[in-house]
S.K.: 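Below you'll find the structure I mean.
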There are 2 protein chains.
Amino acid sequence: MQVRSNMIPFPLNGTRQAQGACADCGVKSRAVCAGLAPEETGILTTIMSTVTLAPNQLLFEQGDLRSRAYTLTSGMLRLSVSLPDGRRQIAGFVTPGDYLGLSGEDVHTQAAEAVTACRLCSFPVPEMNRLMEQHPRLRDRLHELTRKALLEARGNLLMLGRLTPNEKLARFLLGLSDRAVENGQPATPLALPMTRTDIADYLGLTIETVSRSFSALKTRGLIQLADAHRVEICDRPGLTALAGLPV
Amino acid sequence: MQVRSNMIPFPLNGTRQAQGACADCGVKSRAVCAGLAPEETGILTTIMSTVTLAPNQLLFEQGDLRSRAYTLTSGMLRLSVSLPDGRRQIAGFVTPGDYLGLSGEDVHTQAAEAVTACRLCSFPVPEMNRLMEQHPRLRDRLHELTRKALLEARGNLLMLGRLTPNEKLARFLLGLSDRAVENGQPATPLALPMTRTDIADYLGLTIETVSRSFSALKTRGLIQLADAHRVEICDRPGLTALAGLPV
DNA sequence: CGTTGCATTGAATCTCGTCAATTCGGGTGG
DNA sequence: CCACCCGAATTGACGAGATTCAATGCAACG
């Protein structure tokens, strides 16, 4: 059983404000927006507002009514499912451009919390649904993102069920690195904004095992740790092989 | 490391034949077809053919080109991902009404094999895509099924990462039971057509641990085994509590 | 009636989780 | 500026629990 970091309920530090500037948005090529024709780029603006979150702040909780959908524009979130006794599984880390609300349920089945300070675009669900009907490209884009999310979730099943701790960590680091590249950051050194507890809950391990796995990868010369939250990937092919991934 | 059952490559026992009878189909209320208006029910027939599979027969393999989509009408399939060294994770068991091809990739990322004798409707992917464009309801229905699949996959993450073997087995049995009910069968006794190896690869365990968990649930009076493939659920609330699921 | 494949059970092993101590780094206040 | 404190991460020792290895049981089939 592990102690969770103090959760800050949503409206405490959150701010919402109308904002019309999609033009200079850094994630528009990867986000939902990417599906829209040039003349449509503005349609989301009409129903959109902006949210900011402080680290560890809760965006929504398991069981909350889902009234809004979101696109993360900066920062990182974690999506998690918890059992009554406190065991927690992190279903994924949300990086800029990702959309929250793909599974489309009425009530949230997972919680979303900020890992780092976050900035999001927020859309009311009913309006979003209306826009989807009116704009086929938006609808198709969301469908496409849902399919990708399904592929990713299924890939994680193999990881959780059949990989060893070292293999899990290798895969985790490579996945984060790929996402960093997608977001225009270098593949290495890699920032690990989340805590060891988060990583453990993502990989289905304990923080101690995660820490030992970091040490194991270091010993094998695959990575180096500047500090606990900054990894240098020294041997990417080696890491890839360990992770059991295709070259 | 575990030995796999002998795989039979696809065209060996498979048969394909044109068939026009959706009218008396037993799964049309749960399958893709459920999204179609009465006058549209026939549209799929025009591009459809029928496939039958013998137990353990391979429908497609990881890496195969995805040329067809399917709806299972009877029997059971397993979807699995394997590592080069033979470790395998079963992503899910496919029951009647389920659709194969939701994630929409060009190349299959998982294998599909028959657990029992199966009967499927088969659709060429290009024609299916064309139909989706022409029939919004079909498209929406597939989107809806994709969302459900995403929810299920995410639920399985918690199971694989954080549940104990007994809890995993309890959840597995309850899930199967629920699906049996959806397909018009009694909630108990429950048929387990798959092998212990399949169950182990689904739950991220070994066959021995699966077997011991069955024994543990028996000892606690939660279930009874007529034989290895037929379970009587004696204490559903008890099982539900053990699985950590809401009542 | 022997063979074969699968499931169960037992015993030994080992990995990972638990508990506990130590280190490290960042922030605060004197 | 430094001492102190606190939370997080690392490391070590130990033990529980799952895997591995091995033996037995059981049912289907030729």
Side-chain angles (χ1 to χ4, degrees), chain A residues 1-8 54-56 78 85-89 115-116 159-169 172-173 191-219 223-231, chain B residues 1-8 54-56 78 85-89 115-116 159-169 172-173 191-219 223-231:
Chain A
M1 196 59 35
Q2 280 159 17
V3 177
R4 295 281 103 78
S5 33
N6 324 342
M7 299 308 171
I8 308 166
N56 289 321
R78 54 178 172 257
D85 64 10
R87 282 178 289 179
R88 185 179 72 154
Q89 176 67 43
V115 173
T116 64
M159 182 198 77
L160 283 170
R162 287 301 181 211
L163 296 192
T164 65
N166 288 351
E167 292 168 339
K168 287 178 175 181
L169 184 59
F172 169 68
L173 294 175
L192 296 179
M194 70 289 290
T195 65
R196 293 292 187 264
T197 302
D198 286 340
I199 299 176
D201 284 347
Y202 179 69
L203 301 178
L205 303 170
T206 62
I207 51 171
E208 294 91 339
T209 301
V210 169
S211 195
R212 285 185 242 276
S213 289
F214 269 111
S215 301
L217 299 193
K218 264 194 299 187
T219 306
I223 63 167
Q224 252 175 293
L225 285 178
D227 65 290
H229 297 279
R230 190 152 279 275
V231 189
Chain B
M1 198 59 36
Q2 280 158 19
V3 177
R4 295 282 103 78
S5 34
N6 322 343
M7 299 308 171
I8 307 168
N56 289 321
R78 55 177 171 259
D85 64 10
R87 281 177 290 178
R88 186 178 71 156
Q89 177 67 42
V115 173
T116 66
M159 182 197 76
L160 283 171
R162 289 298 181 213
L163 297 192
T164 66
N166 290 350
E167 291 167 339
K168 285 178 176 181
L169 184 59
F172 169 68
L173 293 175
L192 297 180
M194 69 291 289
T195 64
R196 294 291 188 266
T197 302
D198 285 340
I199 299 176
D201 285 347
Y202 180 69
L203 301 179
L205 303 169
T206 61
I207 51 171
E208 293 93 337
T209 302
V210 169
S211 196
R212 285 184 240 276
S213 289
F214 268 111
S215 301
L217 298 193
K218 266 194 298 187
T219 305
I223 63 168
Q224 251 175 294
L225 286 177
D227 65 290
H229 296 278
R230 190 151 281 275
V231 189

S.K.: Measuring to OP1 and OP2 of D:dA8, would you say a side-chain N or O of A:H229 lies under 4.0 angstrom away?
M.R.: no
S.K.: Taking all non-hydrogen atoms of both residues into account, name the closest pair between A:L160 and A:Q89 and its distance.
M.R.: CD1-NE2, 3.8 Å
S.K.: Check for a donor-acceptor pair, side chain of B:R196 on one end and backbone N or O of B:A228 on the other, with a separation under 3.5 Å.
M.R.: yes
S.K.: Tell me which nucleotide among D:dT10, D:dT19, C:dA7 gets nearest to the side chain of B:R196.
M.R.: C:dA7
S.K.: Are the side chain of A:R162 and the backbone of B:L205 linked by a donor-acceptor contact shorter than 3.5 Å?
M.R.: yes
S.K.: Within the 4.0 Å heavy-atom criterion, would you say A:L225 contacts the bases, only the backbone, or no part of the nucleic acid?
M.R.: sugar-phosphate
S.K.: Starting from P on D:dA18, measure out to CG on B:L203 and report it in whole angstrom.
M.R.: 13 Å
S.K.: If you look at every heavy atom in B:L203 and B:K168, which pair is closest and at what distance?
M.R.: O-NZ, 2.8 Å
S.K.: Quick one: on DNA chain C, does A:A226 or A:T164 contact a more 5' nucleotide (nearest heavy atom)?
M.R.: A:T164
S.K.: Is the closest side-chain heavy-atom distance between A:F214 and A:I199 below 4.5 Å?
M.R.: yes
S.K.: Would you mind reading off the distance between B:R87 atom CZ and D:dT19 atom C1', rounded to a whole angstrom?
M.R.: 13 Å
S.K.: With respect to the phosphate group of C:dT9, does any side-chain polar atom (N or O) of B:S215 fall under 4.0 Å of OP1 or OP2?
M.R.: yes
S.K.: Using only heavy-atom distances, decide whether a donor-acceptor pair under 3.5 angstrom links the side-chain of A:E208 to the base of C:dC19.
M.R.: yes
S.K.: Nearest to the side chain of A:T195, which nucleotide is it out of D:dA9, D:dT19, C:dG17?
M.R.: D:dA9
S.K.: What is the distance from CG of A:L169 to P of C:dC16, rounded to the nearest Å?
M.R.: 13 Å
S.K.: For A:N166 and C:dC16, what is the distance between atoms CG and C1' respectively, to the nearest whole Å?
M.R.: 12 Å
S.K.: So does B:T209 get a side-chain nitrogen or oxygen closer than 4.0 Å to the phosphate oxygens (OP1/OP2) of D:dA18?
M.R.: no
S.K.: Using whole Å, what does the distance between atom P of nucleotide D:dA8 and atom CG of A:N56 come to?
M.R.: 9 Å
S.K.: Compare the minimum distances between each of D:dT19, C:dA7, C:dC16 and the side chain of A:P165, then state the nucleotide with the smallest one.
M.R.: C:dC16
S.K.: Consider the side chain of B:T206, meaning its heavy atoms from C-beta on, and name the nucleotide among D:dA9, D:dT20, C:dA7 that approaches it most closely.
M.R.: D:dT20
S.K.: Just the rounded figure in Å: distance from C1' of C:dC16 to CG of A:L160.
M.R.: 15 Å
S.K.: Mark yes or no for a side-chain to base donor-acceptor pair under 3.5 Å between B:R212 and D:dG17, with no hydrogen or angle criteria applied.
M.R.: no
S.K.: If only side-chain N and O atoms of B:S211 are considered, is one of them under 4.0 Å from the OP1 or OP2 phosphate oxygen of C:dA7?
M.R.: no
S.K.: Would you kindly give the CG-to-P distance between A:L205 and D:dT10, to the nearest whole Å?
M.R.: 14 Å
S.K.: Quickly work out the B:D227 CG to D:dG25 C1' distance and round it to whole Å.
M.R.: 15 Å
